[in-house]
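Values below: all heavy atoms of this structure, side chains included; hydrogens, waters and symmetry mates excluded. In what follows, every chain begins at residue 1, and chains take the letters A, B, ... in the order their sequences are listed. Keep in mind it's a predicted model, so treat the numbers as computed, not measured.
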Amino acid sequence: MKLPLSFYQRNDAVLVARELLGKHIYTNIDGQLTGGVIVETEAYQGPEDRGSHAYNHRKTPRNEIMFKAGGVVYMYICYGIHDMLNVVTGTDGTSHAVLIRAVDPRVGIETMRERRNLFTEDTRLCRGPGALAKALGLVKAHNGINLLEDKIWIEDRNEIVNESDIIASARVGMNYDGPYKTIPWRFYMKGNKNVSKPHI
DNA sequence: TATAGGATAGGCT
DNA sequence: GCCTATCCTATAG
């Protein structure tokens with residue numbers, strides 16, 4: 001059921017990002033099981049990718065986990081407020097990763113609402129990378145956790161995702177010029193209400 | 001050591 | 001649609 005290490009350790013983060021759509025992500029944190037279906041991802045691929053923290057082989061205390069073999073989690077804080085969840089991919093020494101940007105919530109919805117302070121039906125529950133990390137109970141301290149352990153993991157439940165239901169577009173928040181600003185490495189499920197804005 | 005700015009989200013106009 | 005909280009990190013001096 002859990003995706004095997006071989007899924008993550010391919011040296012093609014763009015392919016992994018696409019294939020993570022429709023997979024089920026779970027966390028078991030503070031005794032609470034929460035999870036849902038991944039509906040939006042972004043790929044960050046290699047030292048040439050100007051959008052990546054590992055651009056130009058940059059390796060710092062923050063991002064060194066990106067250089068590990070695939071199948072572990074890379075967590076970092078954005079804008080001083082939001083914890084971001086990434087899945088490290090590729091073989092040892094590469095710096096590929098996939099940012100999980102949105103989840104269709106399925107399990108432990110009450111727990112996720114409490115963590116998010118949303119107490120009614122609200123499509124914002126896991127919409128956006130900061131939102132889903134908070135709903136799933138993930139913080140920077142979870143950096144480096146292996147996806148084959150029992151704190152956070154991803155399962156293939158044999159749900160078919162049609163190619164025609166996948167939209168590829170430019171990644172969000174790329175504030176610089178060059179080809180990596182517009183390269184279509186963001187993937188999301190067409191029409192899904194849990195996909196973050198902007199819808200381009 | 002100092003400082004600018006970020007792979008965002010939520011609230012307000 | 002615009003504004004900004006909030007703080008860690010990367011980078012320059």
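Screening residues 34-43 of chain A for salt bridge (Lys or Arg N to Asp or Glu O under 4.0 Å) gives A:Glu40-A:Arg101, A:Glu40-A:Arg186, A:Glu42-A:Arg101 as the qualifying pairs, with residues at least two apart or on separate chains. Listed by first and then second residue, the salt bridge (Lys or Arg N to Asp or Glu O under 4.0 Å) pairs that reach into residues 70-85 of chain A come to none, sequence neighbours excluded.
Partners of A:Tyr26 by ring pair (Phe, Tyr, Trp, His ring centres under 6.0 Å), not counting sequence neighbours, listed by chain and number: A:Trp153. For the side chain to side chain contact (heavy atoms under 4.5 Å, CB included) test, no residue two or more places apart in sequence or in another chain qualifies with A:Asp150. When the side chain to side chain donor-acceptor pair (under 3.5 Å) test is applied to A:Asp12, no partner is found at least two apart in sequence or on another chain. Partners of A:Thr111 by side chain to side chain donor-acceptor pair (under 3.5 Å), not counting sequence neighbours, listed by chain and number: A:Gln32.
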With Watson-Crick and G-U wobble geometry limited to distances under 3.5 Å, how should the secondary structure of DNA chain C be encoded in dot-bracket form, using | for bases paired to another strand and [ ] for crossing pairs? |||||.||||||.
Going by atom type alone, with no hydrogens or angles, which donor-acceptor pairs under 3.5 Å involve a side-chain atom of residues 66-80 of chain A and a protein atom two or more places apart or on another chain?
unit_1: A:Tyr74; atom_1: OH; unit_2: A:His53; atom_2: ND1; d: 2.8

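Phosphate contact (OP1/OP2 of C:dT9, side-chain N/O of A:Arg58, threshold under 4.0 Å): absent.
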Scan nucleotides 1-5 of chain B against the protein and return all N/O pairs shorter than 3.5 Å with their distances rounded to 0.1 Å.
none

Distances under 3.5 Å between protein N/O atoms and the N/O atoms of nucleotides 10-12 of chain B, please, pair by pair.
unit_1: B:dG10; atom_1: OP1; unit_2: A:Arg116; atom_2: NH1; d: 2.5
unit_1: B:dG10; atom_1: OP1; unit_2: A:Arg116; atom_2: NH2; d: 3.2

With the criterion being N/O to N/O and under 3.5 Å, what pairs connect the protein with nucleotides 6-8 of chain C, and how long is each?
unit_1: C:dT6; atom_1: O2; unit_2: A:Tyr79; atom_2: O; d: 2.4

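Grouped by direct or indirect side-chain proximity (heavy atoms under 4.5 Å, Ile/Leu/Val/Met/Phe/Trp/Tyr only), A:Leu15 sits alone.
A donor-acceptor pair is defined here as one N or O able to donate and one able to accept, closer than 3.5 Å; such a pair exists between the side chain of A:Asn63 and the backbone of A:Thr60.
When the C1' atom is compared between B:dG5 and C:dC3, the two are found 16 Å apart, to the nearest whole Å.
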